[in-house]
Number of protein chains: 2
Amino acid sequence: MRILLVEDDRPLSDALALSLKNANYAVDCVYTGADAMTTLSIGQTDIVVLDLGLPDTDGLNVLKSIRKKNATLPVLILTARDKVSDKISGLDAGADDYLPKPFEIDELLARLRVLERRLGTASQTIITIKNVSLDTAHHTLTIDNKTIHLPRRELMVLKALIENAGRVLSKNQLENKLYEWGEEVASNTIEVHVSHLRKKMPDNFIKTIRGVGYCISKSGE
Amino acid sequence: MRILLVEDDRPLSDALALSLKNANYAVDCVYTGADAMTTLSIGQTDIVVLDLGLPDTDGLNVLKSIRKKNATLPVLILTARDKVSDKISGLDAGADDYLPKPFEIDELLARLRVLERRLGTASQTIITIKNVSLDTAHHTLTIDNKTIHLPRRELMVLKALIENAGRVLSKNQLENKLYEWGEEVASNTIEVHVSHLRKKMPDNFIKTIRGVGYCISKSGE
DNA sequence: TATAGTTCTTAAGGTTTTCTTAAGCTTTCT
DNA sequence: AGAAAGCTTAAGAAAACCTTAAGAACTATA
């Protein structure tokens with residue numbers, strides 16, 4: 001799950017980014033509305049966390065631009081303004097949620113989970129397909145009542161595939177879910193992780209679609 | 001657009017219903033969780049506005065029942081509880097939004113609009129786990145009927161973990177529970193405390209989940 | 001206020017796990 | 001058969017975590 005964090009206050013941005021990373025999100029930080037739009041045009045963002053008090057433009061304008069191009073991308077607004085009227089205009093401009101500062105990071109995380117869940121990419125902590133269930137909080141995979149531990153990256157790959165069950169994800173898309181900017185990887189890492197995963201999972205659970213990518217079918221078969 | 005309003009306080013319910021009707025919603029009013037479920041089974045409801053303080057059951061249970069039957073029906077929670085933890089448990093139980101009382105009707109309406117738009121597209125003093133029990137009031141730890149003294153910080157770590165048994169707490173979260181503002185710590189303190197704690201506790205009582213944090217399972221194993 | 005006894009934080013070094021890379025092998029398609 | 005794509009494996013590098021010990025910072029007591 002990849003989050004675009006638009007927050008001009010560096011210390012706050014850094015702290016948030018850290019917490020988000022700890023919660024296993026990939027985070028791209030930008031500090032201006034213009035940069036936000038540029039990043040969004042690349043199309044890798046799953047959720048936007050947007051501070052309204054930006055230096056270059058009013059955050060609300062950024063929000064409106066986002067909405068013009070993408071009607072469904074989840075946007076969570078973050079702001080010091082706490083008048084009810086601000087809230088209302090934010091929500092009406094197309095935000096999916098609104099969190100007034102100061103807030104507790106745990107609440108932000110909870111609200112993000114709501115947005116994530118809504119993405120269809122059901123991201124409760126436990127995701128189940130057939131006899132396989134993945135506990136993303138405890139990093140464990142349970143198959144037929146046997147529980148094993150999964151390392152971070154393998155978990156991320158499996159999670160992405162399960163969340164998108166029925167759809168094919170290319171290696172590139174998977175890489176984008178695993179790695180942030182400037183952290184790109186230049187080898188067959190994904191293949192390796194998939195290989196490791198397969199050893200731990202039922203046969204043929206992760207299918208390869210040659211020339212396209214990987215896929216887990218919704219029914220598990 | 002048809003709203004199910006679940007609110008047991010008659011005057012409030014009447015007032016809300018009126019405002020909602022003025023805002024062009026169809027409103028079904030019920031005053032108990034049981035009635036709510038009955039109404040929902042008819043399947044005409046678009047959005048649920050749910051008060052958590054109901055006479056017959058805890059609103060959270062109603063919410064969970066709703067979620068079992070319908071994963072996507074938008075639910076907005078309304079409640080007097082305003083602790084962040086309440087919010088989080090509400091959101092995690094499947095609510096789409098959360099509005100603490102008292103609120104302004106206009107904000108409720110704005111939040112309803114968001115949901116609408118989307119439609120288009122431990123508190124006990126003594127906690128015991130297995131042979132370990134922690135008396136949070138007296139700051140003592142008892143293992144197999146032997147009482148052990150714990151230094152303050154170790155106790156805080158253990159308490160946090162035990163109170164959240166079954167959940168994984170990151171080092172960061174633990175730090176947040178231990179240190180106040182301006183008291184932040186810049187080293188591996190948590191690791192050290194955990195290390196010390198482990199010497200005093202049953203083997204494998206505190207598990208580490210690499211890349212995530214620490215966890216004590218509810219059963220102790 | 002001095003002193004002794006705890007307790008806390010840091011930091012360094014050691015251990016274990018996890019990640020990436022790269023090379024060679026296998027499958028699939030033309 | 002040959003080429004391209006994918007799979008597997010192993011090894012070194014990197015990251016995360018654990019342990020220990022030393023000194024700083026408390027606390028209690030005289």
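All values derive from a computational prediction rather than experimental measurement. Each chain gets a letter, A, B and so on, in the order the sequences are listed, and its residues count up from 1.
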- Note on the structure: In whole angstroms, the gap separating P of C/dC19 from CD1 of A/Ile190 amounts to 11 Å
- Task: Classify the nucleic acid contact of B/His196 as base, sugar-phosphate or nothing, counting any heavy atom under 4.0 Å across all strands shown.
- Result: base
- Report the distance from atom CD of A/Glu154 to atom P of D/dT8, rounded to the nearest whole Å. 13 Å
- Message: With a 4.0 Å limit, can you tell me whether A/Lys199 has a side-chain N or O closer than that to the phosphate oxygens OP1/OP2 of D/dC7?
- Response: no
- Query: Could you state the CD-C1' distance from B/Glu175 to C/dC8, rounded to the nearest angstrom?
  - Reply: 14 Å
Check nucleotides 23-25 of chain C for protein N or O atoms closer than 3.5 Å to its own N or O atoms and list the pairs.
unit_1, atom_1, unit_2, atom_2, d
C/dA23, N6, A/Asn188, ND2, 3.3

- Message: Looking only at the side chain of A/Arg153 (C-beta and beyond, no hydrogens), which of the listed nucleotides C/dT20, D/dC7, D/dT9 gets closest?
- Response: C/dT20
Distances under 3.5 Å between protein N/O atoms and the N/O atoms of nucleotides 14-16 of chain C, please, pair by pair.
unit_1, atom_1, unit_2, atom_2, d
C/dT16, O2, B/Arg210, NH2, 3.2

- Task: Using the side-chain contact (heavy atoms from CB on, under 4.5 Å) rule, pick out the option among B/Val157, B/Val192, B/Leu155 that qualifies with B/Leu197.
- Result: B/Val157
- Query: D/dA16 P sits how many Å from A/Arg152 CZ, rounded?
  - Reply: 7 Å
- Task: Could you walk me through whether A/Thr147 and A/Thr142 pass the side chain to side chain donor-acceptor pair (under 3.5 Å) test, one step at a time?
- Result: CA-CA 4 Å; A/Thr147 298; A/Thr142 306; 3.2 Å; yes
Nucleotide N/O of nucleotides 26-29 of chain D paired with protein N/O under 3.5 Å:
none

- Item | Residue list, side chain to side chain donor-acceptor pair (under 3.5 Å) with B/Asn131, at least two apart or on another chain | B/Asp144
- May I ask you to say whether A/Arg67 pairs ionically with A/Asp96, meaning some side-chain N is under 4.0 Å from a carboxylate O? yes
- Message: A/Val6 and side-chain contact (heavy atoms from CB on, under 4.5 Å): which single residue from A/Thr32, A/Leu50, A/Leu78 fits?
- Response: A/Leu50
- Step by step, would you call A/His139 with A/Arg152 a side chain to side chain contact (heavy atoms under 4.5 Å, CB included)? CA-CA 7 Å; A/His139 278 218; A/Arg152 205 164 70 100; 3.9 Å; yes
- B/Thr208 side chain to B/Arg198 side chain, donor-acceptor N/O pair below 3.5 angstrom: no
- So which one's nearest nucleotide on DNA chain C is more toward 5', B/Pro151 or A/Thr189? B/Pro151
- Item | Within-4.5 Å side-chain heavy-atom neighbours: A/Ser13 and A/Leu5 | yes
- Query: Would you call A/Leu141 and A/Met201 a side-chain contact if the rule is heavy atoms closer than 4.5 Å?
  - Reply: yes
- Task: Apply side chain to side chain contact (heavy atoms under 4.5 Å, CB included) to A/Thr189 and list each qualifying residue two or more places apart in sequence or on a separate chain.
- Result: A/Tyr179, A/Val185, A/Ser187, A/His193
- Could you give the CD1-to-P distance, from A/Ile148 to C/dT17, as a whole number of Å? 15 Å
- Separation of atom CD1 in A/Ile209 from atom P in C/dT27, rounded to whole Å: 19 Å
- Item | Terminal axes of the helix from C/dT1-D/dA30 to C/dT30-D/dA1 (five pairs each): angle between them, nearest 10 degrees | 30°
- Message: Between B/Ser65 and B/Asn61 (side chain of the first, backbone of the second, donor and acceptor by atom type, cut-off under 3.5 Å), is there such a pair?
- Response: yes
- Message: Check the phosphate of D/dA5 against A/Tyr214, side-chain N and O only, distance under 4.0 Å to OP1 or OP2. Yes or no?
- Response: no
- Tell me what A/Ser187 touches on the nucleic acid: a base, only sugar-phosphate, or nothing, going by heavy atoms under 4.0 Å. base
- Query: Would you call A/Asp97 and A/Arg111 a salt bridge, using N to O less than 4.0 angstrom?
  - Reply: yes
- Message: Between A/Thr208 and B/Val194, which residue's closest nucleotide on DNA chain D lies nearer the 5′ terminus?
- Response: A/Thr208
- Query: Side chains of A/Leu112 and A/Val49: does their closest heavy-atom pair fall under 4.5 Å?
  - Reply: yes
- Looking across every strand, which nucleic acid part, if any, lies under 4.0 Å from A/Val192 by heavy atom: base, sugar-phosphate, or nothing? base
- Message: Taking only side-chain N and O atoms of A/Lys171, does any of them lie within less than 4.0 angstrom of OP1 or OP2 on D/dA5?
- Response: no
- What is the distance, rounded to the nearest whole Å, between atom CZ of A/Arg198 and atom C1' of D/dT8? 11 Å
- Item | Check: A/Asn164 side chain, A/Ala160 main-chain N or O, donor-acceptor pair, under 3.5 Å | yes
- Taken to the nearest whole Å, NE2/B/His193 to P/D/dA21 is 18 Å
- Any side-chain heavy atom of A/Leu150 sitting closer than 4.5 Å to one from A/Thr140? no
